[in-house]
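Report on one structure; see the data block that follows.
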Amino acid sequence: MSSVEGAVRAARRAVVFTGAGISQESGIGTFRGPGGLWERFRPEEVATPEAFAARPELVARWYAERFAAMRAAVPNPGHRAIASWEALFPSLVVVTQNIDRLHQRAGSRDVLELHGTLWVSRCARCRREVATESLPPAEPPPARCDCGGMFRPGVVWFGEALPLDVFARAEAEVAAADLFVAVGTSATVWPAAGLIELAAASGALLVEVNRDETPMSRLAALTRRGAAGEELPRLGEEWGRWRSPS
Ligand code: APR
């Protein structure tokens with residue numbers, strides 16, 4: 001039995017850390033690499049508090065388009081495989097950088113959203129949060145709060161801090177994990193990418209599923225180079241066999 005198999009068989013606490021690559025097969029574009037969002041848009045023009053203060057309409061329209069695509073998207077076999085792993089491991093937590101809620105729609109019950117979500121909007125003045133779907137269409141956007149403030153997407157923009165409680169829980173789960181699976185992330189955006197190093201330093205078995213090599217590939221004990229929607233179901237089958245009582 002390989003050490004990887006032994007570690008998967010013995011694992012009790014698993015963390016799956018995901019990025020944009022897992023939603024790519026659901027039609028949601030990634031940020032970096034060929035055809036990535038940041039090849040076509042400048043983050044400082046659409047994804048910073050300064051951009052929103054300077055051109056709220058442009059930023060609101062950009063996110064409204066992205067939200068429409070996310071509402072129309074459906075989870076793919078990769079999301080569903082991860083949700084099914086809740087039956088394999090006593091504890092399974094999904095720590096995601098994604099804002100599309102496709103994990104929850106695939107059935108994952110314990111999801112930590114490091115970068116917030118587009119399904120929630122927040123007043124930039126009084127910080128009241130509402131379901132984005134409950135906001136009336138506004139022309140020009142963004143919609144206004146009762147306090148007069150503008151609603152902004154409930155996501156973490158560049159230059160903003162991650163939600164402290166969510167990140168603290170993510171760190172605690174990662175530090176206690178026996179198995180850590182990084183899926184579809186370029187592992188280049190911090191502090192989220194630091195969770196991969198924390199997992200390695202805490203002795204978890206590190207698995208990487210990605211089409212391409214990343215700065216964290218060197219830490220992985222097991223690498224699956226391919227599409228998440230194909231590789232994750234395969235991993236699930238193999239791990240299911242390993243963990244099923246013989
Ligand atoms: N299956 C597996 N991996 C994939 C797939 C796929 N179908 N498609 C793309 N990938 C990989 C790419 O090779 C790349 O390594 O997914 C990764 C996507 O990287 P990014 O686009 O950089 O996305 P992510 O790592 O999630 O970005 C982190 O940056 O822009 C900010 O806030 C945004 O949360 C985001 C953060």
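Atoms within a ligand are numbered from 1 in the order they appear, just like the ligands themselves.
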Task: ligand 1: protein residues within heavy-atom distance under 4.0 Å - done: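 Near ligand 1, by chain and number: Gly19, Ala20, Gly21, Gln24, Glu25, Thr30, Phe31, Arg32, Trp38, Gln97, His115, Phe158, Gly184, Thr185, Ser186, Val189, Asn210, Arg211, Asp212, Gly226, Ala227, Ala228.
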- [ ] With sequence neighbours excluded, give me every ring pair (Phe, Tyr, Trp, His ring centres under 6.0 Å) pair touching residues 115-137.
- [x]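 Checked against ring pair (Phe, Tyr, Trp, His ring centres under 6.0 Å) - neighbours excluded - the pairs reaching residues 115-137 are Phe67-Trp119.
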TODO: Sort and list the pairs that fulfil ring pair (Phe, Tyr, Trp, His ring centres under 6.0 Å) and have at least one residue in residues 183-216, not counting sequence neighbours.
DONE: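 Found none.
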Open item on the list: Using a 6.0 Å cut-off, check whether atom CD of Glu65 has over 12 heavy atoms from anything other than its own residue.
Closed with: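 It does not: Glu65 CD has 12 such atoms or fewer within range.
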Open item on the list: Taking ring-ring contact (aromatic ring centres under 6.0 Å, His included) as the definition, give me every residue that meets it alongside Phe52, ordered by chain and number, with sequence neighbours left out.
Closed with: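 Residues passing ring-ring contact (aromatic ring centres under 6.0 Å, His included) with Phe52: Trp157.
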TODO: Let me know which of Arg218, Arg224, Arg225 forms a salt bridge (Lys or Arg N to Asp or Glu O under 4.0 Å) with Glu208.
DONE: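 The residue from Arg218, Arg224, Arg225 that satisfies salt bridge (Lys or Arg N to Asp or Glu O under 4.0 Å) with Glu208 turns out to be Arg225.
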- [ ] Calculate, to the nearest 0.5 Å, the distance between atoms CZ and CG belonging to Phe41 and Leu58 respectively.
- [x]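 It is 9.0 Å, given to the nearest 0.5 Å.
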